[in-house]
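Below is one structure, written out as structure tokens; comments come after it.
The chains referred to below are lettered A, B, ... by the order of the sequence lines, with proteins before strands, and numbering in each begins at 1.
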2 protein chains.
Amino acid sequence: MAVGVGATSAKTAKCGASSPRLRADAVRNRERIIAAARETMVEFGADVPFDEIARRAGVGNATLYRHFADRLELIHHVTLSVMSRTADQAESVLAEESDAFRALRRFVHAAVEEKIGALCPLLSDGVDRDHPDLLAARDRLEAAVEALMGAARDSGQLRTDIAVGDLMVAITQLTRPLPGSSCVDFDKFVHRHLQLFLDGLQAPARSELPGCAATLEDLRRRKP
Amino acid sequence: MAVGVGATSAKTAKCGASSPRLRADAVRNRERIIAAARETMVEFGADVPFDEIARRAGVGNATLYRHFADRLELIHHVTLSVMSRTADQAESVLAEESDAFRALRRFVHAAVEEKIGALCPLLSDGVDRDHPDLLAARDRLEAAVEALMGAARDSGQLRTDIAVGDLMVAITQLTRPLPGSSCVDFDKFVHRHLQLFLDGLQAPARSELPGCAATLEDLRRRKP
DNA sequence: GACCAACCGGGGTGAGCCTCCCCGTTTCCG
DNA sequence: CGGAAACGGGGAGGCTCACCCCGGTTGGTC
């Protein structure tokens, strides 16, 4: 179910003045490493051995260290990748689907494939949450999802007491893989739960929610 | 069903013929270890260092090894503890609350405190899923939750296309803590999500669910 | 209240894993 | 086709964790 497009994410052409360009195979390997990292981290946690990531990417571990100074830098780029791909999803769904709530449903179910559940472990560690790239990716993602939700809200199909943060965190939690992943057909479960959750999002609201709606900015805040 | 008996966690008085009785402080420490293990495992994962568990329990690590031969045995008892406490909750809520769906809501929100999110990592590792004690605890839990759901279903407030497994897995996922737990007031979020999910559970169903309803037995099955 | 034994706590050790580097070889680009 | 950037695999160093041992302490019994 490769989402096709996906690409967008501006080519990694820049990278500072020091390296005028990156060799073709180097670029290819870099992409494969990030993809492998996303998969393995979402499966085994953010502290998965580098050798395992390298093995799955089909490269040597040295290549990994050549591209990323340390684990945090890799996590940083994985996070960017997930956010970017998810934003792509939101934008393309909004463009393709006429019915607003159906678009929201499609987006939520599509997020499973993007391994959005990986965001949660990633964001929690020691990454620099104030990095400009991260903030930019976040703003783009928030804008795209807010557009989806706004349309659904305007059409009267989405309850009005929730915000982007509520949706994203819930999706993240519901799609997180089980550590051992030994349960048969767990994906089927995930889509059931998402569907139930979406039913809860529909207007009219069936109950009053505790707390208050949260943006992605609210999520960035740390404990004192 | 009727498994209800359970007698709440029967005192650990037995334990084979070799040890006629356990000294009072030993019993106390054992309980504290299990409680600490539940907390730390739900927070850091099932592979949390034994020293950390011992530290939080306020005992030496040797005490831990004295009570549990290995990690798997500890996990086994933690799982039993979580199941038992959760079943207690379900039973007491059912007895106290007259409105069926309100009872279900109370149970779900109460499950957060029981760290039911710990079940998920625990069950997935290498524990013996066919152990008699585990099956008994599971049956008791399933009966208690099924009673809750059955009442809500009979009153026409709960959609009919879901089963105990659906609810338990969803609660488990939604209440799992973030690895770093560095986000402010995450508990508030959890209760929001649970509330939204519960709204999706209400009758009449707002959409058709993929897959089919699952029991706890279905969850026990492993991949080929 | 005193004895005996069960129980406890903390420090130490050995093993396993992971990170990171080094160097001969391969691949790309002009 | 030549130079250089990039690659892959193997290995050393470091770190953390599981597990054990022994002097001290606490609880139960007469």
Side-chain angles (χ1 to χ4, degrees), chain A residues 11-37 40-41 43-78 121 125-127 179, chain B residues 11-37 40-41 43-78 121 125-127 179:
Chain A
K11 269 289 180 254
T12 49
K14 27 90 170 270
C15 271
S18 58
S19 73
R21 216 176 72 214
L22 216 54
R23 239 170 62 176
D25 53 344
V27 175
R28 205 180 329 120
N29 278 337
R30 193 186 168 88
E31 297 293 327
R32 287 169 64 176
I33 288 172
I34 292 181
T40 54
M41 282 185 174
E43 186 166 347
F44 301 106
D47 54 352
V48 65
F50 269 27
D51 285 24
E52 173 62 22
I53 299 176
R55 195 189 60 76
R56 210 180 277 210
V59 302
N61 56 12
T63 304
L64 222 149
Y65 283 99
R66 216 167 283 123
H67 282 285
F68 306 98
D70 55 11
R71 172 167 246 106
L72 253 47
E73 190 176 328
L74 177 59
I75 290 179
H76 175 75
H77 285 276
V78 169
D125 278 64
V127 288
Chain B
K11 268 291 181 256
T12 49
K14 29 88 169 275
C15 269
S18 57
S19 75
R21 216 177 70 214
L22 218 55
R23 235 169 66 173
D25 53 346
V27 175
R28 203 182 330 120
N29 279 336
R30 192 186 169 89
E31 298 293 325
R32 287 170 64 176
I33 288 172
I34 292 182
T40 55
M41 283 185 174
E43 186 166 348
F44 301 106
D47 54 352
V48 65
F50 269 27
D51 286 22
E52 173 62 24
I53 300 176
R55 196 188 59 77
R56 208 180 281 210
V59 303
N61 56 12
T63 305
L64 220 151
Y65 284 99
R66 217 168 282 125
H67 282 284
F68 305 98
D70 55 12
R71 182 175 293 273
L72 253 48
E73 190 175 326
L74 176 59
I75 289 178
H76 174 79
H77 285 277
V78 169
D125 277 66
V127 287

* Structure fact -> In short, the helix from C:dG1-D:dC30 to C:dG30-D:dC1 is bent end to end, axes from five pairs each side, to 10°, by 40°
* Asked: Between B:D47 and A:A26, which is nearer to the 5' end of DNA chain D once each is assigned its nearest nucleotide?
  -> A:A26
* To do: Give one of base, sugar-phosphate or nothing for A:Y65, where a contact means two heavy atoms less than 4.0 Å apart.
  => base
* From the list D:dG27, D:dC21, D:dA6, which nucleotide is the closest neighbour of the side chain of B:A62? -> D:dC21
* Asked: Out of D:dC19, D:dT29, C:dC8, which nucleotide sits closest to the side chain of B:R21?
  -> D:dT29
* Asked: So which nucleotide from D:dA6, C:dG11, D:dA18 ends up closest to the side chain of A:D25?
  -> D:dA6
* Do side-chain atoms of A:R71 reach the backbone of A:A46 as a donor and acceptor pair under 3.5 angstrom? -> yes
* Side-chain heavy-atom pair A:I33, A:R30 within 4.5 angstrom cut-off -> no
* With a 4.5 Å heavy-atom cut-off, do A:R56 and A:E43 have their side chains touching? -> yes
* Select base, sugar-phosphate, or nothing to describe what B:D70 touches, counting heavy atoms under 4.0 Å on all strands. => nothing
* Can a donor-acceptor pair under 3.5 Å be found between the side-chain atoms of A:R23 and the base atoms of D:dA6? -> no
* Asked: Given atom CZ of B:F44 and atom C1' of D:dT16, what is their separation to the nearest angstrom?
  -> 16 Å
* Once you round it to whole Å, what is the distance between P of C:dG9 and CG of B:D51? -> 13 Å
* Structure fact -> When rounded to whole Å, the CZ to P distance for the pair B:R55 and C:dC8 reads 19 Å
* Which distance, rounded to the nearest 0.5 Å, do you find between the CD1 of A:I34 and the CD1 of A:I75? -> 12.5 Å
* Minimum heavy-atom distance A:I53-A:A36, with the two atoms named -> O-CB, 3.7 Å
* Structure fact -> Smallest heavy-atom separation, B:H77 atom then B:F68 atom, equals CD2-CE2, 3.6 Å
* To do: Mind calculating the distance between CG (B:L22) and P (C:dA5) to the nearest angstrom?
  => 18 Å
* Asked: Just wondering, do A:D25 and A:R28 contact through their side chains at under 4.5 Å, heavy atoms?
  -> yes
* Structure fact -> B:E52 CD to D:dC17 P, in whole Å, measures 9 Å
* **Nearest-Å distance for atom pair CZ/P, residues B:F68 and D:dC20** => 16 Å
* Asked: How about A:L74 and A:M41: do any of their side-chain heavy atoms sit closer than 4.5 Å?
  -> yes
* Asked: Of the candidate nucleotides D:dG27, D:dG11, C:dC7, which contains the atom at the shortest distance from the side chain of B:R28?
  -> D:dG27
* To do: For D:dC19, take OP1 and OP2 only and decide whether either is under 4.0 Å from a side-chain N or O of B:N61.
  => no
* **Atom-pair distance (CZ on A:R71; C1' on C:dT19), nearest Å** => 9 Å
* To do: Would you kindly give the NE2-to-C1' distance between A:H67 and D:dG8, to the nearest whole Å?
  => 13 Å
* Asked: Does the D:dG8 base have a donor-acceptor partner in the side chain of A:R66 within less than 3.5 Å?
  -> yes
